[in-house]
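When a ligand or atom number is given, it counts from 1 through the structure's own listing order.
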Amino acid sequence: MTLAERLADVDARIADAARSAGRDPAGITRIVVTKFHPLSLIEQLHALGVGDVGENRQQELTAKRAAQAEAPHEDLSLRWHFIGQAQTKKARAIRSAADVVHSIDRDRIADALDRAAEPGDAPLDVLLQLNLTDDPDRGGIALDGLLPLAEHVVAACPTLRLRGIMAVAPLDEPPASAFARLADASARLRTIVPDAEWISAGMSGDFTEAIAAGATHLRIGSAITGARPVRD
Ligand SMILES: *Cc1c(COP(=O)(O)O)cnc(C)c1O
């Protein structure tokens, strides 16, 4: 299959899953995860109508966005989603390259991104990453820390706009049950931040389950891009 065919195939599966769940496909944002791929792939995706791309490493995000801003690419209108582990010392670089940060998992990274705002910057859309496993190394905040973190972002980070919650399904559990816990956590989050409605969940292997559980933002890589190049 060509890139265009893979994209169309995934979009058809998204639309089917949305209809099966009684949802409007227009309420679902499909982010194409382009990590490890060259900017030329992003240009091809843009020509196919893709508006949202995801990257998980700050250096790669910064480099691609800078290259894209140069002629002849400057008129690409794209939203860049940062979906990787965020380091506080990279907060300024992340803030200047990302339109949305999905991976807020501790007060310190929220504070660092907030302090990285330049005068006149628009608020930065952020999501809290929830760890759906018991393994603290997997990234994300444990469920019992979620609401305190949300309260911190709302009270102490005026340049961040808390939009919702993000998670990666565990490897050792059916995605539907993990995403059900994510949906519960989203409902809890909305008791204190009513408009934090986004649920970022679903990758190539589990996006239909994520849609059934209410995901609003899908992060789909290899099903659209093909296999990722090996990283050097
Ligand atoms: C790489 C990545 C994805 C996309 O994974 P695929 O299985 O290629 O769809 C989604 N979310 C995160 C956080 C990722 O790092």
Could you tell me the residue and atom name of the protein heavy atom closest to [atom], and the distance to it rounded to 0.1 Å?
| atom | result |
| --- | --- |
| atom 11 (N) of ligand 1 | Arg219 NE, 2.9 Å |
| atom 12 (C) of ligand 1 | Ile83 CD1, 3.5 Å |
| atom 15 (O) of ligand 1 | Lys35 NZ, 2.7 Å |
| atom 5 (O) of ligand 1 | Met203 CE, 3.6 Å |

With respect to Met166, determine whether any N or O atom, backbone or side chain, lies less than 3.5 Å from an N or O atom of ligand 1.
no
Tell me yes or no: between the side chains of [X] and [Y], is some donor less than 3.5 Å from an acceptor?
| X | Y | result |
| --- | --- | --- |
| Arg190 | Ser186 | yes |
| Arg13 | Thr208 | no |
| Arg79 | Thr29 | no |

Closest contact, heavy atoms only, Val168 versus Leu132:
O-CD1, 3.9 Å
Partner of Glu55 by side chain to side chain donor-acceptor pair (under 3.5 Å), out of Lys35, His81, Lys64
Lys64
Proximal atoms of ligand 1 relative to [X] (non-hydrogen, under 4.0 Å):
| X | answer |
| --- | --- |
| Ser204 | 6 (P), 7 (O), 8 (O), 9 (O) |
| Ile220 | 9 (O) |
| Ser222 | 6 (P), 7 (O), 8 (O), 9 (O) |

Does ligand 1 have a heavy atom under 4.0 Å from the side chain of His102, from its backbone, from both, or from neither?
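The answer is neither; His102 stays 4.0 Å or more away.
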If you apply the rule side chain to side chain contact (heavy atoms under 4.5 Å, CB included), what do you find for Ile83 with Ser103, and how did you get there?
CA-CA 6 Å; Ile83 62 173; Ser103 42; 6.0 Å; no
Can you name the one residue among Leu124, Val126, Asp195 that meets side chain to side chain contact (heavy atoms under 4.5 Å, CB included) with Arg161?
Asp195
